[in-house]
Peer 1: 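Just passing along the structure, written as structure tokens.
Since we're looking at a predicted model, the values are computed, not measured. Keep in mind that the numbers below use all heavy atoms, side chains included, and drop hydrogens, waters and symmetry copies. Quick note on labels: first sequence line is chain A, next is B, and so on, each numbered from 1.
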Amino acid sequence: MNPEGYILLSAILLAIGGYGVIVSRNAIRILMSLEIMMNSANINLVVFSRITGDLSGQVFVTFSLAIAAAEAGVGFALILLLFRLYRSVDISIMDKLKF
Amino acid sequence: MNVDISYIVWGIAIISAIYVVHAKDVFHSGLWLALFFIAIAGIFVLLEAEFLAVIQILIYAGAVTVIVLFAIMLTKREKGKDVLGINLNVLKLVSFVIFALTLVGVIISSSFRWVEVGVYGSTYDIATILFERYILHFEMIALLLLVALISAVYLARRDSGES
């Protein structure tokens with residue numbers, strides 16, 4: 001299997017994740033789409049590590065996994081806080097900073 | 001045997017990603033997300049990164065999915081009342097299709113080749129690079145995880161914020 005297929009898959013997943021971030025109204029679904037985008041970046045790192053034969057890419061994916069776990073914890077804590085404030089996770093009603 | 005198994009894994013990954021965005025109930029999105037993480041682990045296996053595949057299943061399919069499902073359960077109102085749709089817009093769809101087609105055009109006009117190595121990506125080699133060349137980054141990640149843990153506990157306290 002040639003490398004272009006994997007990079008194409010990564011690009012398509014990035015587009016799907018970005019589409020989900022733009023289109024969703026639920027804050028939890030936006031964070032899920034962010035996870036899709038982070039996974040596509042991880043695929044890209046592994047593919048280019050395989051192309052160049054350097055293992056640093058896989059080490060970077062390990063760091064990215066740790067950061068994604070931290071991001072998920074803090075992000076969902078913030079969503080719980082917003083849910084207590086607004087009694088909903090609909091992001092279209094969160095407009096307190098608008099004037 | 002001419003049928004490549006990687007096409008099956010790619011199909012599962014793309015279809016589950018689309019269902020994460022487009023499922024009616026957000027709980028179904030969480031379950032599709034678990035399937036998506038497992039498909040990504042399969043892609044790592046196809047790329048001969050077995051250590052990353054194991055880590056992917058442990059952290060993403062294990063921990064992150066549980067966090068997502070807990071957040072969905074804690075923010076759910078009564079049954080069937082909280083199904084937020086998606087505000088679909090032709091302009092957004094077209095713009096992301098153009099984005100994807102641009103990326104596809106750039107990628108298929110370039111050529112890459114796998115490097116020929118004997119044994120690639122053993123856990124021993126990854127650990128050697130991680131603890132020799134990137135030891136400072138490793139310690140910074142440890143600090144980041146500690147800060148994230150404390151801040152998540154602080155933010156999700158019952159008596160913080162408004163209530």
Side-chain angles (χ1 to χ4, degrees), chain A residues 1-9 11-20 22-26 28-29 31-33 35-36 39 42-43 46-47 50-53 55-56 58-59 61-63 65-74 76-81 83-85 88-90 92, chain B residues 4 6 10 13-14 17-18 20-21 26 29-30 33 36 40 43-44 47-49 52 55 59 63-64 67-68 71-72 74-75 84-88 92-93 96 99-100 103-104 107-108 112-115 117 120-121 125-126 129-130 134 137 141 144-145 148-149 151-152 155-156 161-163:
Chain A
M1 186 53 61
N2 50 348
E4 286 91 351
Y6 289 100
I7 305 174
L8 278 179
L9 172 73
I12 290 169
L13 288 181
L14 182 77
I16 292 173
Y19 173 72
I22 297 294
V23 147
S24 302
R25 285 174 57 205
N26 196 328
I28 296 174
R29 189 170 287 176
L31 276 185
M32 286 194 248
S33 304
E35 299 286 343
I36 292 176
N39 272 293
N42 287 349
I43 294 172
V46 176
V47 171
R50 184 80 176 77
I51 285 173
T52 59
L55 272 179
S56 295
Q58 297 201 16
V59 177
V61 173
T62 314
F63 293 153
L65 280 165
I67 292 174
E71 174 256 335
V74 176
F76 287 112
L78 283 174
I79 286 181
L80 281 185
L81 214 59
F83 178 72
R84 276 187 211 143
L85 196 59
S88 169
V89 287
D90 190 356
S92 59
Chain B
D4 207 334
S6 55
W10 294 0
I14 291 177
I18 290 172
V20 168
V21 177
V26 70
S29 289
L33 192 69
F36 172 77
I40 298 298
I43 287 167
F44 285 163
L47 286 167
E48 303 176 29
L52 288 183
I55 292 295
I59 292 181
V64 174
I67 291 177
V68 169
I72 291 168
L74 286 174
T75 57
L84 294 174
I86 55 174
N87 46 358
L88 187 57
K92 293 171 185 171
L93 184 61
F96 273 95
F99 174 64
L103 287 177
V104 165
I107 289 164
I108 64 175
F112 300 103
R113 197 166 290 110
W114 299 125
V115 70
V117 286
Y120 171 77
D125 295 337
I126 293 176
I129 293 181
L130 178 61
Y134 296 111
H137 311 71
I141 287 290
L144 176 96
L145 281 174
L149 182 70
S151 61
L155 285 175
E162 292 280 304
S163 58

Peer 1: Report which part of A/Ser92 has an atom under 4.5 Å of a heavy atom belonging to chain B: side chain, backbone, both, or neither.
Peer 2: neither
Peer 1: Should A/Phe83 and B/Leu74 be marked as a side chain to side chain contact (heavy atoms under 4.5 Å, CB included) after you check the CA-CA gap, both sets of side-chain angles, and the distance that decides it?
Peer 2: CA-CA 9 Å; A/Phe83 178 72; B/Leu74 286 174; over 6 Å; no
Peer 1: Please report the closest heavy-atom contact between A/Ala72 and B/Ile67, naming both atoms and the distance.
Peer 2: O-CG2, 4.2 Å
Peer 1: Which bit of B/Ile40 is near chain A, if near means a heavy-atom gap under 4.5 Å: side chain, backbone, both or neither?
Peer 2: side chain
Peer 1: Which answer fits A/Leu8, side chain, backbone, both or neither, if we ask what part of it has an atom under 4.5 Å from a heavy atom of chain B?
Peer 2: both
Peer 1: Name the region of B/Leu33, side chain, backbone, both or neither, that has any atom closer than 4.5 Å to a heavy atom of chain A.
Peer 2: side chain
Peer 1: From A/Phe76 CZ over to B/Thr75 OG1, what is the distance, rounded to the nearest 0.5 angstrom?
Peer 2: 9.0 Å
Peer 1: Check whether B/Ile141 gets within reach of chain A through its side chain, its backbone, both or neither, counting any heavy atom under 4.5 Å.
Peer 2: side chain
Peer 1: Does any heavy atom of chain A fall under 4.5 Å from the side chain of B/Phe112, the backbone, both, or neither of them?
Peer 2: both
Peer 1: So, applying side-chain contact (heavy atoms from CB on, under 4.5 Å) with B/Leu52, which one of A/Asn42, A/Thr62, A/Val59 is it?
Peer 2: A/Thr62
Peer 1: Would A/Met32 and B/Ile72 satisfy side chain to side chain contact (heavy atoms under 4.5 Å, CB included), going step by step from the backbone distance to the final call?
Peer 2: CA-CA 11 Å; A/Met32 286 194 248; B/Ile72 291 168; 4.2 Å; yes
Peer 1: Considering non-hydrogen atoms only, spot the tightest contact between A/Ala77 and B/Ala152 and give its length.
Peer 2: CB-O, 3.9 Å
Peer 1: Using a cut-off of under 4.5 Å on heavy-atom pairs, state which of A/Ile28, A/Leu80, A/Leu31, A/Ile12 scores highest against chain B.
Peer 2: A/Ile28
Peer 1: Is chain B contacted by the side chain of A/Ile7, its backbone, both, or neither, given a heavy-atom distance below 4.5 Å?
Peer 2: both
Peer 1: Does a donor on one side chain and an acceptor on the other come within less than 3.5 Å for B/Tyr134 and A/Ser56?
Peer 2: yes
Peer 1: Among A/Gly17, A/Gly18, A/Ala66, single out the residue with the greatest number of heavy-atom pairs under 4.5 Å to chain B.
Peer 2: A/Gly18
Peer 1: Where on B/Ala17 is there a heavy atom nearer than 4.5 Å to chain A: the side chain, the backbone, both, or neither?
Peer 2: both
Peer 1: Rounded to the nearest 0.5 Å, how far apart are CG of A/Leu14 and CG of B/Leu103?
Peer 2: 6.5 Å
Peer 1: Measure distances from B/Ser151 to the heavy atoms of chain A and classify the residue's part below 4.5 Å as side chain, backbone, both or neither.
Peer 2: side chain
Peer 1: Quick check for you: to the nearest 0.5 Å, what is the distance between A/Leu78 atom CG and B/Leu155 atom CG?
Peer 2: 5.0 Å
Peer 1: What part of B/Val64 is in contact with chain A, defined as an atom under 4.5 angstrom from a non-hydrogen atom: side chain, backbone, both or neither?
Peer 2: side chain
Peer 1: If you take all heavy atoms of A/Val74 and B/Ala148, which pair is closest and at what distance?
Peer 2: CG2-O, 3.8 Å
Peer 1: Distance from B/Ile107 atom CD1 to A/Tyr6 atom OH, nearest 0.5 Å?
Peer 2: 14.5 Å
Peer 1: Please examine the side chains of B/Phe36 and A/Leu13, heavy atoms only from C-beta on, and report whether any two atoms are closer than 4.5 Å.
Peer 2: yes
Peer 1: Of the backbone (N, CA, C, O) and the side chain (C-beta and beyond), which part of A/Ile51 lies under 4.5 Å from a heavy atom of chain B, both, or neither?
Peer 2: both
Peer 1: Measure the spacing between CG of B/Leu47 and CD of A/Gln58 and express it to the nearest 0.5 Å.
Peer 2: 8.5 Å
Peer 1: Which bit of B/Ile59 is near chain A, if near means a heavy-atom gap under 4.5 Å: side chain, backbone, both or neither?
Peer 2: side chain
